Participant: 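Once you've had a glance at the structure underneath, I'll fire off some questions.
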Amino acid sequence: MTPTADIILWVVIPYVCLAFFVLGHVWRYRYDKFGWTTRSSQLYESRLLRWASPMFHFGILAVFLGHVMGLGIPKSWTEAVGMSEEIYHFLAVSIGAVAGVCTVLGLVLLIYRRRTVGPVFRATTRMDKVMYLFLAVVIFLGLWNTIAGSVLNLGGHYDYRDGVSVWFRGIFLLDLHPELMAEAPIGFQLHGMTAMLLFALWPFTRLVHVFSAPVGYMWRPYVVYRSRSDRLGSRAGRRGWERVERRRETSTRL
Amino acid sequence: MRVMAQMAMVMNLDKCIGCHTCSVTCKQAWTNRTGTEYVWFNNVETRPGQGYPRTYEDQDKWEGGWTLNKRGRLQLKAGGRLKNLLTIFSSPKMPSLDEYYEPWTYDYENLTNAPLGEHTPVARPKSLISGQDMNVTWSANWDDDLGGAPELTMADPVLAKISDKVKLEFEQTFMFYLPRICEHCLNPSCAASCPSGAIYKRSEDGIVLVDQDACRGWRKCVTGCPYKKVYFNHKTGKAEKCTFCYPRIEVGLPTVCSETCVGRLRYIGLILYDADRVLEAASVTDERELLASQRRVFLDPNDPEVQREAERAGISRDWVQAAQRSPIWALINTYEVALPLHPEYRTLPMVWYIPPLSPVVDVVGETGEDSEDSGNLFAAIDTLRIPVEYLAELFTAGDPEPVTAVLKRLAAMRSYMRDINMGRAPNPSIPAAVGMEEGTMYEMYRLLALAKYDERYVIPPSHVEQAHGLEELATECSLDYDGGPGMGGSGPFGEGSGVNDPIAVENFHMLKQRQTTDTVADPASRKARVNLLNWDGKSAPAGMFPPRPGPDGANLREPDSVGDAGLVQPRPAGGSVPGPAGSGTDPIPPGGDWLGGDGPGTQGPGGPGEPGDTGASGTGPRL
């Protein structure tokens, strides 16, 4: 029988956090489309940003893909396609370390910039600061797990693909394994827990811009036309008072 | 053929006196908020000069607009779609605040709070960006009237394109003003650069707008626009741009910049164009062909086939009629005196300019020759290479031919009309020398010199069946919208988050706050501002001027207009309240023809008087 504390830590809290994540985004999108932005500070400062921002963002994209690989794909699948433990380990650690170092370096530069450049610091909200704290802790713990666990082999060998990954997938498959997290090294426990808390915060921070990644730009026509009748004046439409569309047959303009 | 309608503007540069009234009123109406301190939807530049932001016309540096790629296809100058997306984390070609200027205010409080001391206290400039003391070293029109010339002016990218010989002669040459708003291009590169698809062109009237709810602050539009007329609001993190005052245009009023233009140099009207030919026109190989190719995109609203196609495209009859009466169509096509600004950017801009003849007239005048004689002027236009080449770099991608042709037409009109004004027989050879009929020339003169309000601004309102919903005419309670009464302030996610307030509600709060506050307007609060958006130019907008002491010393307050914030009603004639025109209005004799009077006081409603300007239409005080 799993202790209650483990159930709370590795079942209840994750579900609560993910509920915040999903419902929070829905609420934020409905309530605050206008506030849904990157809140770029490039206008204030671009010398540091030019290096730090791409380094962080491309790094974190690689880290994300690494997590999809490590958490999302079961060990049996990679073994089925003939990828041995050693090869997987080598790829994960080498690519992961490069991406992780880029991310951390970028993040450190960005935080340094945010703190030292006056106008940028002035434009930082309280929510930004909380978000930076959690993001930094999650990323540092993640990098530490990679370096300490896989490179330096501190505290013996731990294969997260048999532990953390199974627990994580179980959350979505309703196949709960809190005991796997309970026996994971403390570094992984902290990384997982802070990440869950970050997910809970996510919809209330500028991180929402992740979901605005404009991939559709690759395929849409260059110039967008919209009809004025979508909205009258600058007055927002009221629920229950939507216009009855009287489209003429000829109005097939873009 | 796919007919579309485009609201367009022409500015007659000969009439611009560089007073910046358009800029100031535009700023009052649209960008008097934190985050937009440096944003000028309308600005007036002295040319030659660096412009705003500095050297924005240097597209080798800023990579705005379109270019032809190796295969001859049209492509954004800043790069293709993939490159655009890959540089999204740090936009490489975005001007920094240094290229604009660091906005500031003054520490006025120190003037009253400073302790008693030997020296007079001063109000030091404080940066609105960093909050620190700062040195004011640049602003929106720092090089106004050639200030800082020749050193600063030599950085003008347009001047750099002219040959060295011209450069040396430059000090003896000319200056004129160039008011600029968003060009509302037919082929807008800002919209094409927007990864989110938030910038769109309205299909009814071609006005280019930013959807504030869809903009995600990627800043690509700032790079994409070669005119640098999309600005980044650093508080809300969203792009903003000139809106062509669409709430006014929709009800048939001209833009604020046009309404308040002292020189009455702006014309607004519709142009019909063939949307299917836009891409082809923007892709011609030779830059100098772009002027002609853009003209070919426009459709003649008097052509029955165009009318048929317009109807098929859902353009209503009154809009086609407005296109026929459009001063823009006349100036671009009939008289051929208007030219686009920088056609070489390939965006097919829709704010056109009548180039100034005055530099030429001035030179001729200084020689002591007759500066209204067509022969003298024609000769001067041909010999004075400097202004012509400079204007050509601005308006025709460097081709002097069209500029010369326009200047000759303007010169011909000048001397042709002199004969008429002097009571001499008009000389038909003058219009003939520039390929015009006498009647056409006279009509052009009328449009350029005499045209009244309703001839300068031919704006068909959007349709009556929509009028109820347009907030300026709202017959419902203006606070009655989704989200309840917008009580101002910011949402929890930083400046300006949360639901947007409709403009009418913002006006209501502004008026209420201004009437109840005991401090001067605080730019840190987004509600405390005079909003000129719904001002029709008739009387002074409430809150614009402090109440003036009356004859008995008591403060006369403006009548409480909160209840009908959207309406500016003339006061009863015969009042004695001093208006902005200066003196109080005289009582009007009963039954007197007060419209025919010529004094500034006789217009009753205290509006800006237009003395002696009541001839032709004569039906109302606004002409």
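What you are looking at is a predicted structure, and each value in this text was computed from that prediction instead of being measured.
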Participant: Using a cut-off of under 4.5 Å for heavy-atom pairs, which of B/Ala275, B/Gly197, B/Ser196 has the most such pairs with chain A?
Facilitator: B/Gly197
Participant: Measuring heavy-atom distances to chain B, does A/Leu61 have an atom under 4.5 Å in its side chain, in its backbone, in both, or in neither?
Facilitator: side chain
Participant: For A/Val224 and B/Ile199, work out which heavy atoms get closest and say how close.
Facilitator: CB-O, 3.8 Å
Participant: Quick check for you: to the nearest 0.5 Å, what is the distance between A/Arg122 atom CZ and B/His234 atom NE2?
Facilitator: 9.5 Å
Participant: Count the heavy-atom pairs under 4.5 Å between each of B/Ser193, B/Gly80, B/Cys190 and chain A, then report the option with the highest count.
Facilitator: B/Ser193
Participant: Do other residues, nucleotides or ligands put more than 12 heavy atoms under 6.0 Å from the CZ atom of B/Arg317?
Facilitator: yes
Participant: Relative to chain B, which of A/Pro221, A/Ser46, A/Ser41, A/Ser53 shows the most heavy atom pairs under 4.5 Å?
Facilitator: A/Ser53
Participant: Can you check whether A/Gln42 reaches B/Phe232 side chain to side chain, under 4.5 Å on heavy atoms?
Facilitator: no
Participant: Please look at B/Leu86 and chain A and tell me whether the side chain, the backbone, both or neither of the residue comes under 4.5 angstrom of a heavy atom of that chain.
Facilitator: both
Participant: Taking B/Cys215, B/Ala198, B/Ser189, B/Cys194 one by one, which has the highest count of heavy-atom pairs under 4.5 Å against chain A?
Facilitator: B/Cys194
Participant: What part of B/Leu186 gets closer than 4.5 Å to chain A, counting heavy atoms only: side chain, backbone, both or neither?
Facilitator: backbone
Participant: Select, from B/Leu97, B/Val278, B/Ile207, B/Val222, the one with the greatest count of heavy-atom pairs under 4.5 Å involving chain A.
Facilitator: B/Leu97
Participant: B/Ser91 versus chain A, heavy atoms under 4.5 Å apart: side chain, backbone, both or neither?
Facilitator: both
Participant: For the interface with chain A, which of B/Ser96, B/Gly237, B/Ser90 has the highest count of heavy-atom pairs at distances below 4.5 Å?
Facilitator: B/Ser90
Participant: Less than 4.5 Å apart, any side-chain heavy atom of B/Asn187 and any of A/Tyr222?
Facilitator: no
Participant: Distance-only check: which donor-acceptor pairs under 3.5 Å involve side-chain atoms of residues 206-218 of chain A, not counting sequence neighbours?
Facilitator:
unit_1: A/Arg206; atom_1: NE; unit_2: A/Asp128; atom_2: OD1; d: 3.4
unit_1: A/Arg206; atom_1: NH2; unit_2: A/Asp128; atom_2: OD2; d: 3.2
unit_1: A/His209; atom_1: ND1; unit_2: A/Arg206; atom_2: O; d: 2.7
unit_1: A/Ser212; atom_1: OG; unit_2: A/Trp36; atom_2: NE1; d: 2.7
unit_1: A/Ser212; atom_1: OG; unit_2: B/Arg216; atom_2: NE; d: 3.0
unit_1: A/Tyr217; atom_1: OH; unit_2: B/Asn84; atom_2: ND2; d: 2.9
unit_1: A/Tyr217; atom_1: OH; unit_2: B/Ala192; atom_2: O; d: 2.7

Participant: So do B/Met94 and A/Leu43 actually touch side chain to side chain, heavy atoms under 4.5 Å?
Facilitator: yes
Participant: Do A/Phe58 and B/Phe89 come close enough that some side-chain heavy atom pair is under 4.5 Å?
Facilitator: yes
Participant: Which atoms of A/Arg50 come close to chain B, meaning under 4.5 Å heavy atom to heavy atom: side chain ones, backbone ones, both, or neither?
Facilitator: both
Participant: Roughly how far, to the nearest 0.5 Å, is CG of A/Asp32 from CG of B/Asp213?
Facilitator: 8.5 Å
Participant: Less than 4.5 Å apart, side chain to side chain, heavy atoms only: is that true for B/Asp211 and A/Arg226?
Facilitator: yes
Participant: Would you say that more than 12 heavy atoms from the other residues, nucleotides or ligands in this model lie under 6.0 Å from the OH of A/Tyr15, or not?
Facilitator: yes
Participant: To the nearest 0.5 Å, tell me how far B/Ile129 CD1 sits from A/Glu45 CD.
Facilitator: 13.5 Å
Participant: Any side-chain to backbone donor/acceptor pair from B/Lys238 onto A/Phe34? Under 3.5 Å, distance only.
Facilitator: yes
Participant: Grab the two heavy atoms, one from B/Glu204 and one from A/Ser227, that are nearest each other, plus how far apart they are.
Facilitator: OE2-OG, 2.6 Å
Participant: Give, as side chain, backbone, both or neither, the part of A/Phe56 having an atom under 4.5 angstrom from any heavy atom of chain B.
Facilitator: neither
